[in-house]
Amino acid sequence: MPELPEVETVRRALMPVLEGRRIIRAVARRPDLRFPLPDGFGQRLTGQRVLAVRRRAKFLLIELEDGSVLISHLGMSGSYRIYPDPSPSPEKHEHIILRTDQDTEVRYNDPRRFGFMDLIDGAALDQYVMLKNLGPEPLGDGFNAEILSARLKGRQTPIKSALLDQSVVAGLGNIYVSEALFRAGISPKRTAASVAGRRASRLVPAIKSILNEAIDAGGASISDHRQPTGELGYFQHQFAVYGRQGQACPGCDCDLARTRGIAKITQAGRSTFYCSRAQR
DNA sequence: CACACAACCTGTCAGC
DNA sequence: TGCTGACAGGTTGTGT
């Protein structure tokens, strides 16, 4: 689930629960996620007031009153749940529990443990290894056709792979790359270099609109993923190509008896979905 | 430098 | 019903 729209949905759900609140107890129920948790993780969080819940690309940044920042990445299977008091006993994969001074619990659940958390000095945030090479925020003013073109120029990798590269643009994942390329009418097989220029000016608004619509829908709930409030995200119902191999793409007059409809291919080890007729 | 691929770990689902 | 293998939203590290 967690690409930019899903992380943004999480941020918006956590904001009213955490901002301005004090963490009265923080517990790590295991010593590691993808990486070991920092020393004294629970103690360093306990007693601190949360100043803000921010997002950079797919990273949640929870700013604390002592100037440190809790960095949280959801990996493939991470999710947050909010429990009002009294909260039930923790489930198997609820690894991190934050209890606030309103007796609300915020729990991080991550079966695969590809996600991670870290606690660092806010002054060092820009140099943090996982953040320092990120490209522009796709929804920011700094992301436009000129910027994207410059980053695609000369690259022979397929545009699909280039858009997954977080140093090109930060926040897209496997689902929204396929969706954005479909909306822009661009083949995922095309080289990144060949998209620089005119095609990039079609791609940028496609990326922005897809992401905005997904955020408005509360993200996409793939399989068992939910918003922290427990609600399902609805954007999955609006996928044009992702997971729809063999079907006709929206607005396409393909005769499925004669064509194979939406194709599923593998690029750089990841699934790509596209329509060879609507995308060139 | 640019790119492809394996690895990290667990759950789910299709097929037998 | 149970087993096996393939596959899944991401990112890093290694090898070519």
J.: Side chain of A:R270 only, please: which of B:dC3, C:dG10, B:dA4 is the nearest?
T.: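 Selected nucleotide (nearest to the side chain): C:dG10.
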J.: Whole angstrom is fine here: how far is it from CE in A:M76 over to P in C:dT12?
T.: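 Nearest whole value for this atom pair: 14 Å.
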J.: Return the nucleotide paired to B:dC3: Watson-Crick means purine N1 to pyrimidine N3 with N6-O4 or O6-N4, wobble means G-U with N1-O2 and O6-N3, both under 3.5 Å.
T.: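 Pair assignment: B:dC3 / C:dG15.
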J.: Do you see a donor-acceptor pair shorter than 3.5 Å between the side chains of A:E94 and A:Y80?
T.: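 There is no such pair between these side chains.
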J.: Can you tell me how far P of C:dA8 sits from CG of A:L164, to the nearest Å?
T.: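 One finds 13 Å between P of C:dA8 and CG of A:L164, rounded.
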J.: Please state how far atom OH in A:Y242 lies from atom C1' in C:dG10, giving the value in whole angstrom units.
T.: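 Distance check: A:Y242 OH to C:dG10 C1' gives 12 Å.
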J.: Select base, sugar-phosphate, or nothing to describe what A:R155 touches, counting heavy atoms under 4.0 Å on all strands.
T.: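 Counting heavy atoms under 4.0 Å across all strands, the contact made by A:R155 is with sugar-phosphate only.
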J.: Output yes when at least one side-chain N/O atom of A:K160 is less than 4.0 Å from OP1 or OP2 of B:dA4, else no.
T.: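 For A:K160, the contact criterion (side-chain N or O under 4.0 Å from OP1 or OP2 of B:dA4) is not met.
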J.: Counting N and O atoms only, with roles assigned by atom type, does the side chain of A:T191 sit under 3.5 Å from a partner on the main chain of A:S194, one being a donor and the other an acceptor?
T.: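 Pair found, side chain donor or acceptor close to backbone of A:S194.
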J.: Compute the centroid of each ring, for A:Y108 and then for A:H95, and state whether the two points are separated by less than 6.0 Å.
T.: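 Not close enough - the centres of the two rings lie 6.0 Å or further apart.
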J.: A side-chain contact here means heavy atoms from C-beta on lying under 4.5 Å apart; do A:L181 and A:Y274 qualify?
T.: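 With C-beta onward as the side chain, the pair stays apart.
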J.: So which protein N/O to nucleotides 13-16 of chain C N/O distances come out below 3.5 Å?
T.:
none

J.: Can a side-chain donor-acceptor contact be found between A:N133 and A:S167 if the only test is distance below 3.5 angstrom?
T.: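 No, no side-chain donor-acceptor contact under 3.5 Å.
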J.: Output all residues satisfying side-chain hydrogen bond (donor to acceptor under 3.5 Å, both in side chains) with A:N144, sequence neighbours left out; order by chain, then residue number.
T.: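 If we apply the side-chain hydrogen bond (donor to acceptor under 3.5 Å, both in side chains) test to A:N144, skipping adjacent residues, there are no hits.
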J.: Quick one: is C:dA8 close enough that its OP1 or OP2 comes under 4.0 Å of any side-chain N or O from A:S271?
T.: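 Yes.
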J.: Select one nucleotide: of C:dT12, B:dC3, C:dG10, the one nearest the side-chain heavy atoms of A:E3.
T.: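 Out of C:dT12, B:dC3, C:dG10, the nucleotide with an atom closest to A:E3's side chain is C:dG10.
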J.: What is the separation between atom CE on A:M117 and atom C1' on C:dG10, rounded to the nearest whole Å?
T.: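 Rounding to the nearest Å, CE of A:M117 and C1' of C:dG10 are 16 Å apart.
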J.: Could you state the CD1-C1' distance from A:I175 to C:dG10, rounded to the nearest angstrom?
T.: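 The answer, rounded to whole Å, is 12 Å.
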J.: Could you report the tightest heavy-atom contact between A:L211 and A:P5, atom names first, then the distance?
T.: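 Heavy atoms of A:L211 and A:P5 come nearest at CD2-CG, 3.6 Å.
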J.: Could you tell me whether A:R12 and A:E8 make a salt bridge, using a distance below 4.0 angstrom between a side-chain N and a carboxylate O?
T.: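 Result for this pair is yes, salt bridge flagged.
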J.: Any link between A:V69 and A:Y128 through a network of hydrophobic side chains (Ile, Leu, Val, Met, Phe, Trp, Tyr) touching at under 4.5 Å?
T.: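 Cluster IDs for A:V69 and A:Y128 match.
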J.: Can you tell me, in whole Å, how much space there is between the P of C:dC3 and that of B:dC9?
T.: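 So the two P atoms sit 24 Å from each other.
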J.: Restricting both atoms to N or O, compile the protein contacts to nucleotides 7-10 of chain B shorter than 3.5 Å, with distance only.
T.:
from: B:dC9; atom 1: O4'; to: A:R112; atom 2: O; distance (Å): 3.3
from: B:dC9; atom 1: O3'; to: A:R113; atom 2: NH2; distance (Å): 3.0
from: B:dC9; atom 1: O2; to: A:R112; atom 2: NE; distance (Å): 3.0
from: B:dC9; atom 1: N3; to: A:R112; atom 2: NH2; distance (Å): 3.3
from: B:dT10; atom 1: OP1; to: A:R113; atom 2: NH2; distance (Å): 2.4
from: B:dT10; atom 1: O3'; to: A:H93; atom 2: NE2; distance (Å): 3.4

J.: A:F116 CZ to C:dG10 P: how many Å, rounded?
T.: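 In whole Å, C:dG10 P lies 13 Å from A:F116 CZ.
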J.: Decide, yes or no, whether a salt bridge links A:D32 with A:R34 under the criterion of side-chain N to carboxylate O below 4.0 Å.
T.: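 Looking at A:D32 and A:R34, the cut-off is not met.
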J.: A:D165 has an atom CG; how far is it from atom P of B:dC3, in whole Å?
T.: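 For the pair A:D165 CG and B:dC3 P, the rounded distance is 9 Å.
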J.: Would you say C:dT11 has OP1 or OP2 under 4.0 Å from some side-chain N or O of A:Q166?
T.: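 For A:Q166, the contact criterion (side-chain N or O under 4.0 Å from OP1 or OP2 of C:dT11) is met.
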J.: State whether A:H73 places a side-chain N or O below 4.0 Å from either non-bridging phosphate oxygen (OP1 or OP2) of C:dT11.
T.: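 A:H73 to C:dT11 OP1/OP2: side-chain N or O found under 4.0 Å.
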J.: Atom CG of A:L152 and atom C1' of B:dC3: how far apart are they, to the nearest Å?
T.: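 It works out to 15 Å between those atoms.
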